[in-house]
Amino acid sequence: SQQGEEDPQALSIQEGENATMNCSYKTSINNLQWYRQNSGRGLVHLILIRSNEREKHSGRLRVTLDTSKKSSSLLITASRAADTASYFCATDPLETDSWGKLQFGAGTQVVVTP
Amino acid sequence: EAQVTQNPRYLITVTGKKLTVTCSQNMNHEYMSWYRQDPGLGLRQIYYSMNVEVTDKGDVPEGYKVSRKEKRNFPLILESPSPNQTSLYFCASGLAEFPNTGELFFGEGSRLTVL
């Protein structure tokens, strides 16, 4: 079963603009991760935020986590054409018998036009 | 170079013909996992392994088998493939220290078509 749901499903922006996508999930988590996938290729890990953290930065990426709302957001600032990709959130369930069951959402497809 | 290697990358086969997709990692990771990716459904976990000789079912294990006889290898076996197993398959590995599943490293994917 899918734990996370990304919103929007697709996003089209111009270079230099910011891109924001959201992830909602259903059960309590240890951490939440964001990955990027370029057209049919393997996923690449971007950032991990733990359940006791509220915000994290990595270069042009900013991730927030609101565990009371069971939601996270990924902000990409000053987008570049090279940011064109699908972005997935993945949740690591808190339940100990679910250790190892990292679950992915359906993704947000981002297109950045020059 | 640290990597997860899957083979074959592309395969077209027929219903019922057993096949194995191999996965190997060179990062000494304890944890390995298989996912399938289908349009609109994201990645769904098939099986995972926390360590050698320890495997467990993910969300969609039906029709698949795995084995973990050595730390570096985690093959995915389709004993009798069916057309609904046509998909893009990913192998991943990571450190996964209890109770956290940390960052995963993914292979480039294996695109399987079952006719």
Side-chain angles (χ1 to χ4, degrees), chain A residues 1-10 21 23-53 56 58 63 85-109, chain B residues 2-6 9-10 23 25 27 29-51 54-61 66 68 74 87-112:
Chain A
S1 60
Q2 271 178 264
Q3 162 76 307
E5 280 188 23
E6 288 92 343
D7 171 60
Q9 289 186 331
M21 59 210 86
C23 171
S24 59
Y25 58 93
K26 297 171 186 168
T27 62
S28 298
I29 58 172
N30 282 312
N31 65 69
L32 186 144
Q33 304 174 35
W34 286 90
Y35 289 79
R36 184 187 73 225
Q37 182 184 35
N38 291 95
S39 191
R41 302 198 59 183
L43 280 73
V44 175
H45 184 266
L46 295 176
I47 198 164
L48 180 154
I49 186 166
R50 301 190 187 282
S51 60
N52 61 355
E53 297 176 311
K56 204 162 182 180
S58 176
V63 169
S86 292
Y87 293 82
F88 294 86
C89 68
T91 50
D92 183 13
L94 181 63
E95 306 155 19
T96 53
D97 63 356
S98 293
W99 179 39
K101 290 188 174 182
L102 195 66
Q103 294 186 313
F104 288 78
T108 293
Q109 192 169 2
Chain B
Q3 58 186 1
V4 177
T5 304
Q6 298 179 223
R9 295 286 315 281
Y10 302 90
C23 175
Q25 50 95 4
M27 293 169 278
H29 286 157
E30 304 282 352
Y31 176 92
M32 297 185 76
S33 183
W34 277 102
Y35 289 87
R36 61 177 287 174
Q37 184 177 26
D38 302 289
L41 296 178
L43 279 80
R44 293 180 291 168
Q45 191 178 47
I46 303 171
Y47 271 96
Y48 63 102
S49 169
M50 306 308 291
N51 209 331
V54 179
T55 63
D56 211 341
K57 296 177 181 179
D59 294 319
V60 289
V66 291
R68 187 89 182 275
F74 191 43
S87 189
L88 179 58
Y89 291 87
F90 288 101
C91 180
S93 72
L95 290 173
E97 296 180 346
F98 184 84
N100 290 288
T101 305
E103 172 187 0
L104 294 188
F105 296 80
F106 279 80
E108 283 296 303
S110 296
R111 188 169 291 281
L112 171 65

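Throughout, protein chains are lettered first and strands after them, A, B, ... in sequence-line order, and every chain is numbered starting at 1. Computed from a prediction, not measured in an experiment: that's the story for all the values here.
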note = When every non-hydrogen atom of B:E108 is compared with those of A:R41, the smallest separation belongs to OE1-NE, 2.9 Å

note = Under 4.5 Å to a heavy atom of chain B? For A:Q37 that would be side chain

Show me the donor-acceptor pairs within less than 3.5 Å that the side chains of residues 95-102 of chain B make with the rest of the protein, sequence neighbours left out.
from: B:N100; atom 1: OD1; to: A:N31; atom 2: ND2; distance (Å): 3.4
from: B:T101; atom 1: OG1; to: A:D92; atom 2: OD1; distance (Å): 3.3
from: B:T101; atom 1: OG1; to: A:G100; atom 2: N; distance (Å): 3.1

ask   = Between B:Y48 and A:L102, is there a donor-acceptor pair closer than 3.5 Å when you use the side chain of the first and the backbone of the second?
value = no

ask   = So what's closer than 4.5 Å to chain A heavy atoms on B:F105: side chain, backbone, both or neither?
value = neither

query = With only heavy atoms counted, which part of B:Q37 is less than 4.5 Å from chain A, the side chain, the backbone, both or neither?
reply = side chain

inquiry  = Distance check, rounded to the nearest 0.5 Å: A:Q103 atom CD versus B:Y35 atom OH?
reply    = 8.0 Å

key: Proximal to chain B - members of residues 44-52 of chain A, heavy-atom separation under 4.5 Å   = A:H45, A:L48, A:R50

Nearest heavy atoms of B:L43 and A:F88, plus distance in Å = CD1-CE2, 4.1 Å

Proximal component of B:L104, with respect to chain A [non-hydrogen, under 4.5 Å] = both

request  = Below 4.5 Å from any heavy atom of chain A, which atoms of B:Q45 appear? Answer side chain, backbone, both or neither.
outcome  = side chain

Closest non-hydrogen atom pair between A:A106 and B:G40, with its separation = CB-O, 3.7 Å

